[in-house]
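The structure under discussion appears below in the form of C-alpha cells.
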Amino acid sequence: MKSLYQQAIKDFNENYILYIPLTIILQSCIGSIAAMYILMNSPNEAFKFFELTLCVVLAMGYNAVIFAQLKTKIIFPILLASITINILLIIVNVYQLS
C-alpha cells in the first residue's frame with residue numbers, strides 16, 4: 001500500500017505538464033491571500049516584514065523552480081512547503097483579525 005505522498009508524487013510526475021499552470025495559479029493565489037492578511041493584521045512592523053518576506057519568497061521560489069525546469073523530486077516538496085506555510089500564515093492572521 002502506497003502512502004498518500006508517494007501516490008501524489010507519482011501522479012505529479014505522470015501529469016507534470018498539466019500540473020504546471022494549475023499549481024502556479026493555486027500557490028500564487030494562496031500566497032496573495034496570505035500577503036493580504038499579513039498586511040491587514042500584523043501589529044509589529046518587524047514581524048510583518050518577516051511574514052511577508054517568507055510568503056513572497058516561498059511563492060516566487062516555487063515559480064523559479066518551475067521556470068528553471070528542475071526535477072519533480074525537487075519541485076513537489078517546494079510546492080507542498082509553499083502551500084502549507086502560506087495556509088498557516090493565513091490561519092494565523094485570520095485568527096489575529098478576530
Side-chain angles (χ1 to χ4, degrees):
M1 180 176 198
K2 292 184 178 180
S3 70
L4 182 61
Y5 179 80
Q6 290 172 339
Q7 289 175 348
I9 192 78
K10 182 181 178 227
D11 188 49
F12 189 78
N13 286 333
E14 290 174 357
N15 300 310
Y16 177 65
I17 298 299
L18 298 174
Y19 278 119
I20 290 173
L22 177 67
T23 57
I24 288 174
I25 292 168
L26 174 70
Q27 67 86 25
S28 294
C29 289
I30 291 173
S32 64
I33 292 167
M36 177 187 71
Y37 280 115
I38 290 167
L39 291 172
M40 286 174 54
N41 288 328
S42 292
N44 187 349
E45 293 297 322
F47 191 65
K48 179 192 303 186
F49 180 73
F50 173 74
E51 282 183 338
L52 191 59
T53 301
L54 180 64
C55 173
V56 171
V57 164
L58 287 170
M60 296 305 294
Y62 177 72
N63 291 341
V65 297
I66 287 289
F67 293 137
Q69 298 178 351
L70 298 179
K71 294 181 180 182
T72 55
K73 287 183 178 181
I74 298 171
I75 294 172
F76 192 70
I78 293 174
L79 171 66
L80 293 179
S82 174
I83 291 175
T84 304
I85 293 173
N86 280 325
I87 288 175
L88 289 174
L89 288 171
I90 291 170
I91 291 169
V92 166
N93 284 288
V94 166
Y95 180 74
Q96 287 179 355
L97 184 64
S98 59

| query | Any chain of hydrophobic side-chain contacts (each under 4.5 Å) joining Met40 to Ile91? | reply | yes

Side chains of residues 74-87: which donor-acceptor pairs under 3.5 Å do they make with residues two or more places apart or in other chains?
{"residue": "Ser82", "atom": "OG", "partner": "Gln27", "partner atom": "OE1", "Å": "3.4"}
{"residue": "Thr84", "atom": "OG1", "partner": "Leu80", "partner atom": "O", "Å": "2.6"}
{"residue": "Asn86", "atom": "ND2", "partner": "Ser82", "partner atom": "O", "Å": "3.1"}

| remark: Heavy atoms of Leu54 and Leu89 approach each other most closely as CD2-CD1, 4.4 Å

| When rounded to the nearest 0.5 angstrom, what distance separates NZ in Lys48 from CD1 in Ile38? | 10.0 Å

| note | Tightest non-hydrogen contact, residues Cys55 and Ala35, listed as SG-N, 3.8 Å

| query | Side-chain heavy atoms under 4.5 angstrom apart, residues restricted to Ile, Leu, Val, Met, Phe, Trp, Tyr: same cluster for Ile17 and Tyr19? | reply | yes

| said: Any non-hydrogen side-chain atom of Val65 less than 4.5 Å from a side-chain atom of Tyr62? | reply: yes

| request: Starting at CG of Asn15, measure out to NZ of Lys10 and round the result to the nearest 0.5 Å. | output: 10.0 Å

| task | State the CD1-CZ distance between Ile20 and Phe12, to the nearest 0.5 angstrom. | result | 7.5 Å

| query | Does Ile33 share a hydrophobic cluster with Leu22, counting links as ILVMFWY side-chain heavy atoms below 4.5 Å and allowing steps through other members? | reply | yes

| Are Leu26 and Leu88 connected, step by step, through hydrophobic side chains (Ile, Leu, Val, Met, Phe, Trp, Tyr) whose heavy atoms are closer than 4.5 Å? | no

| said: Strictly by side chain to side chain donor-acceptor pair (under 3.5 Å), give each pair with a member in residues 68-77 just once, sequence neighbours left out. | reply: Asn13-Thr72

| said: So for atom CZ, which belongs to Phe49, do other residues, nucleotides or ligands contribute more than 12 heavy atoms lying within a distance under 6.0 Å? | reply: no

| query | Is there side-chain contact between Tyr16 and Ile66, with heavy atoms separated by less than 4.5 Å? | reply | yes

| Crowding at CE, Met36 (>12 non-hydrogen neighbours, <6.0 Å) | yes

| request: Could you grab the distance from atom CG of Asn41 to atom CG of Leu97, nearest 0.5 Å is fine? | output: 4.5 Å

